Amino acid sequence: MADELLSKQDIYDVIITGGGPAGLTAGIYTSRARLFSLLIEKLGIGGQAAITDRIENYPGFIGGISGPELVHSMGEQAKSFGMRTVFGEVTRIEVSDESTIKKIFVNDDPEPYQCLSLIIAAGHEQRKLGVPGEKEYAGKGVSYCATCDGAFFRDLSVAVVGGGDVALEEALFLTRFVKKAHVIHRRDRLRATKILQERASSNDKIEFIFDSVLDEISGQTTLDSVKVRNLKTGERKDLGVNGVFVFIGWIPSLSFLGDIVEKSEDGYVIVDKEMGTSREGIFACGDCCKKNLRQIVAACGDGATAAFSAQHYVERIKGEEYV
Ligand SMILES: Cc1cc2nc3c(=O)[nH]c(=O)nc-3n(C[C@H](O)[C@H](O)[C@H](O)COP(=O)(O)OP(=O)(O)OC[C@H]3O[C@@H](n4cnc5c(N)ncnc54)[C@H](O)[C@@H]3O)c2cc1C
């Protein structure tokens, strides 16, 4: 999907910030409803799903589907209905009580895109460990994506930090390449779904280190060791690994929003059941919202609902609502 040359004079019916499953589904619905729709994405189409090797729980695909394939189709589908796309990072949003027009600033361009309604679909980002060595070795042994970097660790040992679904999915994926994946988890049991726990426990290449945290990442010339501390005994030991994969949770990517809409204590957008935010004309969907289930099917559902709400809002302010 190419970056399009678009006029900043246009006023879009809807701008969608973020091109993951939530934003793409919103785009399919708004453009199919013949709203003048623009999606702005800072990296590449597909969000987290684009870096997921295999998705087994998205309905309709027995045996699963590759993440990149699924989101590529979503993007093409939205485009086929007329959704436009721009690649760049939304850095600021300006709204005023006097006008229904919202101004969306991208990168450091002083001239904004303009829209009547805004759908925030910016997802969230991996939380960092915050230990010595993490920054220094980022991209040189420390990774937050097994699908992207796993193949660099063929026949080597790695540490995987975390105990949820993503940590186990990624550890299982890594076993295609690595000699050993040491899964380090701070508690004495995993949070991941049972089917993933069963698969990981029966995989010879995966070894669990429970009740423990990773304190430090180090190496002579390249990353070759981590310090692991047992939280119950206080014992510290060196573990020889060549890579560290971190999956310890998430933080929302919403700094561009400032305090324009109400957020939860942990920084997620608070939405009602129609995906409306505390500000009229601004909707949110997917992983950037305060909610319990962060999965593709849920993000798509949110995206469709947000699009429907945006459609009604736009029709209302244009005086075109069918009542
Ligand atoms: C390794 C892994 C495995 C997973 N496995 C599964 C699975 O098997 N099944 C499942 O259902 N779910 C799975 N998930 C979760 C699923 O991928 C997410 O729930 C889903 O992608 C959320 O979609 P989203 O559109 O809300 O957010 P995201 O996918 O995070 O997309 C948000 C998009 O917004 C963009 N963005 C952020 N800020 C800005 C900005 N300022 N300007 C412009 N663009 C911006 C980002 O670049 C990104 O492309 C997995 C996730 C990971 C990481």
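Atoms within each ligand, like the ligands themselves, are counted from 1 in listed order. Because the structure is a prediction, the values reported are computed rather than measured. Values below: every heavy atom of this structure, side chains too, minus hydrogens, waters and symmetry copies.
- In this structure, Arg294 is positioned above the aromatic face of Tyr268, its NZ or CZ under 6.0 Å from the six-membered ring centre and within 45° of the axis.
- Between the side chain of Glu170 and the backbone N or O of Ala146, at least one donor-acceptor pair lies under 3.5 Å.
- Ion pair Arg191/Asp165 not flagged as a salt bridge, since none of the NZ, NE, NH1 or NH2 atoms sits closer than 4.0 Å to an Asp/Glu carboxylate oxygen.
- Contacts with ligand 1 closer than 4.0 Å are made by backbone heavy atoms (N, CA, C, O) of Ala121 only, the side chain lying farther away.
- Atoms of ligand 1 found under 4.0 Å from any heavy atom of Gly286, numbered from 1 in the order shown, are 26 (O).
- Looking only at protein heavy atoms, the nearest one to atom 34 (O) of ligand 1 is Gly18 CA, 3.2 Å.
- A salt bridge (charged side-chain N to carboxylate O under 4.0 Å, His left out) with Asp215 holds for exactly one of Arg236, Lys227, Lys237; it is Arg236.
- Electrostatic pairing of Glu94 and Lys102 does not count as a salt bridge here, judged by no charged N lying under 4.0 Å from a carboxylate O.
- At a 4.0 Å cut-off, not a single heavy atom of Cys288 sits close enough to ligand 1 to count as contact.
- Using a 4.0 Å cut-off to heavy atoms of Arg294, the atoms of ligand 1 that qualify are 15 (C), 19 (O).
- Within ligand 1, the atoms closer than 4.0 Å to a non-hydrogen atom of Glu89 are 41 (N), 42 (N), numbered from 1 in the order shown.
- Ligand 1 is never approached by Tyr58 to a heavy-atom distance shorter than 4.0 Å.
- Aromatic pair Phe153/Phe177: centroids not less than 6.0 angstrom apart.
- For Gln220, the side chain to side chain contact (heavy atoms under 4.5 Å, CB included) criterion is met by Asp224, not counting sequence neighbours.
- Between Cys288 and Cys285, the two SG sulfurs stay at or beyond 2.5 Å from each other.
- At least one heavy atom of Trp250 sits closer than 4.0 Å to an atom of ligand 1.
- Considering only non-hydrogen protein atoms, atom 14 (N) of ligand 1 sits nearest to Gln295 NE2, 4.1 Å.
- Of all the atoms in ligand 1, the ones that sit under 4.0 Å from a non-hydrogen atom of Gly47 are 29 (O), 31 (O), 48 (C), 49 (O).
- Legend: salt bridge (Lys or Arg N to Asp or Glu O under 4.0 Å) pairs involving residues 248-273, not counting sequence neighbours, sorted by first then second residue: Asp266-Lys290.
- Taking a cut-off of under 4.0 Å to the non-hydrogen atoms of Asn57, the atoms of ligand 1 that pass are 7 (C), 8 (O), 9 (N), 10 (C), 11 (O).
- Remark: ligand 1 atoms within the under-4.0 Å shell around heavy atoms of Phe256 are 41 (N).
- Contacts of Ala299 with ligand 1, taken as heavy-atom pairs under 4.0 Å, involve the side chain alone.
- Heavy-atom proximity to Ile40, at under 4.0 Å, picks out these atoms of ligand 1: 43 (C), 44 (N).
- Between Asp13 and Arg34 there is no salt bridge, since none of the side-chain N atoms of the basic residue sits less than 4.0 Å from a carboxylate O of the acidic one.
- Both the backbone and the side chain of Val90 come within 4.0 Å of ligand 1, judged by heavy-atom distances.
- The proximity of Ile296 to ligand 1, defined as any non-hydrogen pair under 4.0 Å, involves the side chain as well as the backbone.
- Scanning all protein heavy atoms for the shortest distance to atom 37 (C) of ligand 1 gives Ala122 O, 3.2 Å.
- Salt-bridge formation is not detected for the pair Arg229/Glu216: no Lys NZ or Arg NE/NH1/NH2 atom is positioned less than 4.0 Å from an Asp or Glu carboxylate oxygen.
- Here the protein heavy atom with the shortest distance to atom 30 (O) of ligand 1 is Gln48 NE2, 2.7 Å.
- Protein heavy atom at the shortest distance from atom 50 (C) of ligand 1 is Thr52 OG1, 4.0 Å.
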